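Indexing begins at 1, ligand by ligand and atom by atom, following the structure's order. Here, residue 1 is the first one in the sequence, and each next residue gets the next number. Values in this document were obtained by computation on a predicted structure and should not be read as measured data. No hydrogens, no waters, no symmetry mates; every other heavy atom, side chains included, goes into these values.
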Amino acid sequence: METTFAIIKPDAVKAKNTGKIIDRIEQEGFNIVGMKKINMTKNVAELFYTVHKGKPFFEELVDFMISGPCVVLALQKDNAIKAWRDLMGATNPEKAEANTMRKLYGTNVGSNATHGSDAPETAKTELTIFFQELN
Ligand code: IDP
Ligand code: MG
């Protein structure tokens, strides 16, 4: 079993899509091993997205992530990292496959409803930032 890190981003929380996304996560066979609703601080958002520092959208991205509460999750399943990335769909909701989280609930490449770790190392780093209690 693998554990990945997921976020229901502020746009999806604001739009009251939290329940629908959590329902789908459970329907798809993930075990939710950690979950909490948080207000991300600017420092944490900058740390979390440090790989994108210097890119033109970095400030917009950080401002978006601190624009309202989000829900952070630790999700367990066989091949959880790929399974959750597949369920999320492409970064740009317009390019995301039908029935994916980003297609269903995303608005544009910035406001795209969900986050998911992209590799085992990033999953570990991201889980450590938000779920010290799971270590
Ligand atoms: P990912 O979330 O699918 O892994 P990344 O390329 O890692 O995509 O980008 C991280 C996040 O930054 C995206 O989910 C999206 O919210 C935001 N982002 C990426 N590219 C752009 C852009 O061109 N404009 C605005 N925001 C972007
Ligand atoms: Mg990424």
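Taking atom 17 (C) of ligand 1 as the reference point, the nearest protein heavy-atom neighbour is L61 CD1, 3.8 Å. Scanning the protein for heavy atoms near atom 15 (C) of ligand 1, the closest one is V109 O, 3.1 Å. Atom 3 (O) of ligand 1 has T91 OG1, 2.5 Å as its closest protein atom, hydrogens excluded (heavy atom only). Protein heavy atom nearest atom 4 (O) of ligand 1, with residue, atom name and distance: R85 NH1, 2.9 Å. Counting only heavy atoms of the protein, atom 23 (O) of ligand 1 lies nearest to F57 CD2, 3.8 Å.
Although no hydrogens or angles enter the test, the distance criterion places a donor-acceptor pair under 3.5 Å between the side chain of E2 and the main chain of I81. Here the side chain of S67 pairs a donor or acceptor atom with the backbone of F64 at under 3.5 angstrom. A distance-only check finds a donor-acceptor pair linking the side chain of N92 to the backbone of E94 [under 3.5 Å]. Of the possible donor and acceptor atoms, none in the side chain of R85 sits under 3.5 Å from a partner among the backbone N and O of D118.
Residues F30 and L73 have side chains not in contact (no heavy-atom distance under 4.5 Å, counting atoms from C-beta outward).
Contact between N112 and ligand 1 is present, with at least one heavy atom of the residue lying under 4.0 Å from the ligand. Using 4.0 Å as the threshold, M88 has no heavy atom nearer than that to any atom of ligand 1.
Taking all heavy atoms of R102, H52, K9, H115 into account, the minimum distance to atom 6 (O) of ligand 1 is reached by H52.
Proximity of K55 to ligand 1, defined as any heavy-atom pair under 4.0 Å, is not found for any part of the residue.
By the neighbour-count criterion of 12 heavy atoms within 6.0 Å, atom NZ of K77 is densely surrounded, having more than that number from other residues, nucleotides or ligands. Residue E59 qualifies as open at atom CD: its count of foreign heavy atoms under 6.0 Å is 12 or below. Environment of NZ in K55: crowded, with over 12 heavy atoms of neighbouring residues, nucleotides or ligands closer than 6.0 Å.
Remark: ligand 1 and G110 share an N or O pair separated by less than 3.5 Å (distance only, no angle test).
Close contacts between ligand 1 and E60 involve ligand atoms 25 (C) [criterion: under 4.0 Å to a heavy atom].
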